[in-house]
Every structure is written in structure tokens, then in C-alpha cells.
There are 2 protein chains.
Amino acid sequence: MAAPSPSYTIGTLARAAQVNVETIRYYQRRGLLPQPEAVGGGYRTYSETELARLRAIKRAQHLGFSLEEIETLLSLNEETDRVKARTLAQDKVSLIDARIAQLQEMRNALAELVDCCRHGDTAAPCPILRALSA
Amino acid sequence: MAAPSPSYTIGTLARAAQVNVETIRYYQRRGLLPQPEAVGGGYRTYSETELARLRAIKRAQHLGFSLEEIETLLSLNEETDRVKARTLAQDKVSLIDARIAQLQEMRNALAELVDCCRHGDTAAPCPILRALSA
DNA sequence: GTTGACTCCGTACTTGAGTACGGTGTTTAG
DNA sequence: CTAAACACCGTACTCAAGTACGGAGTCAAC
């Protein structure tokens, strides 16, 4: 058998995911994270499932997605309308592709800047501005 | 000679950059955009320089940078301490590289999802969650 | 030469994403 | 068995990034 997945209280879950307890509650209020049924004394318990989701949310956020976007992203799977899900996913793919391309330009601009500095090339026009004015 | 660059009022500048007039003022207050001297009747005039900067800000923002980050990014050029500028730029480069890598994973996850949908593969675990739990 | 569109500036409101607070009930370690 | 630490819930506060508003002055077209 697999090791029994540990069960978390909201506090241990928060620590495991490196977020604030209040953040979890906030996500639950927003419907972004499920709120398990409370058992016994009214405390709720969480599993790896919630932890994974919480971590995914944080990652996606760092990638520049809003909670609203993340919600649709994470719900793509549950989407029963396969056609709709596919369209949405495809849209996101091209959006992300564009974002990647721009980040790459920016990256190169910065790398160039690093180079300029190394060579003491003072008078060059701002490569960052240039990269961002594509 | 080059065509004389047109000069903008705050309103035309705003329209050209597709932002709100108030946003421009806000950026000026934050010191993110220069506030040209007012001439004549107290109106300020803007040039392509400001337009370019404004557009760059918007782009960088869409790439997930905060105004504060953008401020340091755009000021890297003016930075006279070459060593400091280089370090900062290098840090940003690795940060951006990481971001690109994650976006790529996400992109692939989504593409995979599109594929699953096409093949009617319903029971697979969420590839998006998987991508984001790296 | 006045009217409508626009500028300036200060202050106030809004939205997204949390954070903090306070009262009450629960669990657990000593 | 009790004190400290924690959970629950509702409400309120904060911070970033705008947006809106209102009064006063300016410009441009008719």
C-alpha cells in the first residue's frame, strides 16, 4: 500500500504551502480551494490534494496569472464540455506563447545590457526599452 | 532630416498609448514617467520618448512585473554604478529564465490537455496541476 | 467672444489580493 | 484539569494600481 497521506489542519497546511492561514480561507471564500466538511469538533482536515492545489495556485500566480485566470485554468479539467475546454486551453496556449516570446526578448535585452556594462559601452540606447517596444 | 516628432498633450498621449489620462498622472506621481515642464498656459507637452516609455511599462506589466520592478528595470540604464547595474540585470536574467521555463511547462501541459480532449481521454490526472507542481 | 473640449491639481473612491482582529469553541501537552 | 495553541467565523483594515470627481484655468472653432 501507499503510505497513508497525512492529513493537515488549516494551520499545518498553511505552513506546508508557505502561505498564511488567512490566505487559505480567502481562497475558500473565492471558491478557488474546496472547503472540506468539518468533522468532530468542527475542525476541517485537509489532504495532499489541497496542498497540491494550493502550491499550483501560488506557482501560477508567480507566472503572472490572476486568481480569476487560475480558476478557469484549474477548472479546465473538470470542464465536461470537451469542446469548450479545448478552445479555452488553446487560447491560453497562444497567450502563453506570446508571453514567453516577450520574456525572451526582455531576457536578451537584459543579457545585452550585462554585456554592454562589461565592455563599458556607455552611450548605447536602452536595450530594455528597445526590447519592450517590440 | 528625420520627420519632426509630433508633440502630444496628455490626452493624445493617453490615447496613443491606450491608457487612461489618470494613469499617466499616477505614473508621474510615482516618478515612473517624467513630468515635462509646463510651458505657456500651463499645459505640458510630451514626445515619442514618453510614449515609448509608457508602452514599455504596459508591456512589462503584462509580463508580470510590478511597477516597482519596472522602475528598477528601466533605471538600469541610467545606473552609473556599472557593477551594480550588471548585478541587478544578471539577477533579473535568471529570474526571467526561471519564469520562462515554468511558462513553458504550463504551455506544454495545456497543449497536452488539448490533446487529451481530442482523444476523449477523460480519466487522466489534471496535466495543469501536474505542470504547476514541478 | 462664448461654448465645448481639454488641462491641471488635489482628493477620494474602487478593485484585487490578501492580512489582521476579536470573540468563541476545541485540542493537546504538561 | 487546565493553560497555551490552535480552529472557526465575521468583519475590518492594508497595499498596489489604478479611476473618478470637482473646481479652476486654457485653447480652438464657430
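Every chain is numbered from 1 and lettered A, B, ... according to where its sequence line falls, protein lines coming before strand lines.
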Between R53(B) and Y27(B), is NZ or CZ placed under 6.0 angstrom from the six-membered ring centre and within 45° of the ring axis?
-> no

Is R99(B) close enough and on-axis enough to F65(B), meaning under 6.0 Å and within 45°, for cation-pi?
-> yes

Name the pairs: protein N/O against N/O of nucleotides 19-23 of chain D, kept only if under 3.5 Å.
| from | atom 1 | to | atom 2 | distance (Å) |
| --- | --- | --- | --- | --- |
| dT19(D) | OP2 | T23(B) | OG1 | 2.8 |

When rounded to the nearest 0.5 Å, the distance separating CG of L88(A) from CG of L110(B) is 10.0 Å

Could you state the interatomic distance from CZ (R107(A)) to CD1 (I96(B)), rounded to the nearest 0.5 Å?
-> 8.5 Å

For E69(A), check salt bridge (Lys or Arg N to Asp or Glu O under 4.0 Å) against everything at least two apart and list the hits.
-> K92(A)

Across all chains, not counting sequence neighbours, the salt bridge (Lys or Arg N to Asp or Glu O under 4.0 Å) partners of D91(B) are none

Measure from [atom1] on [X] to [atom2] on [N] and round the result to the nearest Å.
| X | N | atom1 | atom2 | result |
| --- | --- | --- | --- | --- |
| E68(A) | dA17(C) | CD | C1' | 13 Å |
| L67(B) | dA17(D) | CG | P | 4 Å |
| R30(A) | dA17(C) | CZ | P | 5 Å |
| Y8(B) | dC6(C) | OH | P | 17 Å |
| I57(B) | dA17(D) | CD1 | C1' | 13 Å |
| Q35(B) | dT7(C) | CD | P | 14 Å |
| H62(B) | dA17(D) | NE2 | P | 14 Å |

More than 12 non-hydrogen atoms from neighbouring residues, nucleotides or ligands closer than 6.0 Å to CD on E68(A), yes or no?
-> no

Whether [X] contacts [N] is assessed here as follows: a side-chain N or O lying under 4.0 Å from the phosphate OP1 or OP2. Is that the case?
| X | N | value |
| --- | --- | --- |
| Q28(A) | dC8(D) | no |
| T9(A) | dC6(D) | no |
| K58(A) | dG18(C) | yes |
| R44(A) | dA7(D) | no |

Which pairs with one or both residues in residues 10-23 of chain A pass side-chain hydrogen bond (donor to acceptor under 3.5 Å, both in side chains), sequence neighbours excluded?
-> T9(A)-T12(A)

Could you list all N or O pairs between the protein and nucleotides 26-30 of chain D that sit under 3.5 Å apart?
| from | atom 1 | to | atom 2 | distance (Å) |
| --- | --- | --- | --- | --- |
| dT26(D) | O2 | Y43(B) | OH | 3.3 |
| dC27(D) | OP1 | G41(B) | N | 3.2 |

Using five pairs at either end of the helix from dG1(C)-dC30(D) to dG30(C)-dC1(D), determine the angle between the two local helix axes and round it to 10 degrees.
-> 10°

Nearest listed nucleotide, side chain of Y27(B), among dC8(D), dG18(C), dG18(D) | dG18(D)

